[in-house]
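Read the structure below first, then the notes.
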Amino acid sequence: MKSSRDSLLQVFKLLLVSYGKQNWWPVDREYHRKEGSDPREEIVIGAILTQNTSWRNVEKALQNLKRVKALSFKRIIDITPEALQELIRPAGYYRQKAVYLKEVAFRLYPVSKVEKVSREELLEIKGIGRETADTILLYAGNRPYFVIDAYTKRIVKRVFGIEDNYEGLRKFFEENLPEDIELYKEFHALLDEHAKRFCKKIPQCEGCILTQLCTQPLR
DNA sequence: CCCCAGGCCGCGC
DNA sequence: GCGCGGCATGGG
């Protein structure tokens, strides 16, 4: 009987060999060097904008913010709600997200707070749910919290036959993986890539590299 | 026309 | 605790 620990690491290694390093989270370091802002601010802002939204649309919003040098907490706080709405419109839910961005920028200013803020404190901020909290903690705070998203839930259900709520799945990963921040970052990114390529809503199992150890391979 | 995309909130139960 | 409707743009 293989342990979950062995299987999880095996899945990680297979995905890594198959797809290569993903190097999440993408940030424009050159922009922040010039403007004197912090790349971690872009990660937090992107984490809000990408909620249930394709990254392609998020990139349009991020470009708009850069164009007016507003990709920073300070500018997000000072800009009018209406102006912020228009800049992030391509990312969808723009009225809600404008409120969320202002609240998050205010509460996490300066961005160095991501080094110390607790998960519970993040979850008290309107607009930050479990996934966004863990995304901020892992990718901006460089802290060992495993991010669970819809893709992760789908793959875990099919490959391991496990269905659980968010916290249950997070513990499944954190308790069965070495506490390695770079591993957490890369694994999450690889799971997303795999879900997009093969483990779609309607699974495309032909050519899937995980078929051998998957509990529910089709065909 | 349809469905989907790197969720969250507020509500009812 | 879980399920649901609302939120919105852009691509396939």
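Just so it is clear: chains get the letters A, B, ... in the order the sequence lines come, proteins before strands, and each one is counted from 1. For clarity, every value in this text was computed on a predicted model and none was experimentally measured.
Here dA5(B) presents its C1' atom at 14 Å from CG of Leu49(A), a figure rounded to the nearest Å. Between the CD atom of Glu103(A) and the P atom of dC8(B) there is a distance of 15 Å, given to the nearest Å. Between the CG atom of Asn52(A) and the C1' atom of dG5(C) there is a distance of 13 Å, rounded to whole Å. Gln63(A) places its CD atom 16 Å from the C1' atom of dG10(C), with the value rounded to the nearest Å. Computed from coordinates, the Ile202(A) CD1 to dC2(B) P distance equals 17 Å when rounded to whole Å. Atom NZ in Lys153(A) sits about 15 Å away from atom C1' in dA5(B), given to the nearest Å. Note: CG (Asp192(A)) to P (dC4(B)) measures 17 Å, nearest angstrom. In this structure, CD1 of Ile148(A) is placed 12 Å from P of dC8(B), rounded to the nearest angstrom.
Using a 3.5 Å distance cut-off with no hydrogens or angles, the side chains of Glu121(A) and Ser118(A) do pair a donor with an acceptor. In this model, no donor atom of one side chain and acceptor atom of the other lie less than 3.5 Å apart for Lys196(A) and Tyr151(A). No side-chain donor from either of Ser72(A) and Glu35(A) sits under 3.5 Å from a side-chain acceptor of the other. Between the side chains of Arg130(A) and Tyr166(A), no donor-acceptor pair is found at a separation under 3.5 Å. A side-chain N or O of Lys185(A) and one of Asn142(A) form a donor-acceptor pair less than 3.5 Å apart. Looking only at atom types and distance, the side chain of Lys97(A) has a donor-acceptor partner in the side chain of Thr53(A) under 3.5 Å away.
The phosphate of dC9(B) (OP1 or OP2) has no side-chain N or O of Arg130(A) nearer than 4.0 angstrom. Between Lys60(A) and the phosphate of dA8(C), there is no side-chain N or O to OP1/OP2 separation shorter than 4.0 Å.
Of the residues in residues 83-97 of chain A, those with a non-hydrogen atom less than 4.0 angstrom from any atom of DNA chain B are Tyr93(A), Gln96(A). For residues 169-183 of chain A, proximity to DNA chain B is found at no residue, defined as any non-hydrogen atom under 4.0 angstrom from a strand atom.
Classification of the His188(A)-Phe146(A) ring pair by plane angle, with boundaries at 30° and 60°, yields perpendicular.
Nearest-nucleotide assignment on DNA chain B puts the 5′-proximal partner with Glu131(A), out of Lys126(A) and Glu131(A). Each of Asp149(A) and Ile128(A) was matched to the nucleotide of DNA chain B holding its nearest heavy atom; the match closer to the 5' end belongs to Asp149(A).
Between Leu183(A) and Pro178(A) the shortest heavy-atom distance is CD2-CG, 3.7 Å.
Looking at the side chain of Asn57(A), the nearest of the listed nucleotides dC9(B), dT9(C), dG11(C) is dT9(C). Of the listed nucleotides (dC2(C), dA8(C), dC4(B)), dA8(C) has the atom at the smallest distance from the side chain of Thr53(A). Out of dA5(B), dG7(B), dG1(C), the shortest distance to the side chain of Thr132(A) is found at dG7(B).
Residue Leu123(A) is classed as having no contact, given no heavy-atom separation below 4.0 Å to the nucleic acid.
Side-chain contact between Val11(A) and Phe187(A): present, with at least one pair of heavy atoms (C-beta onward) separated by less than 4.5 Å.
For the pair Arg89(A) and Tyr94(A), the cation-pi test (distance below 6.0 Å, angle within 45°) is passed.
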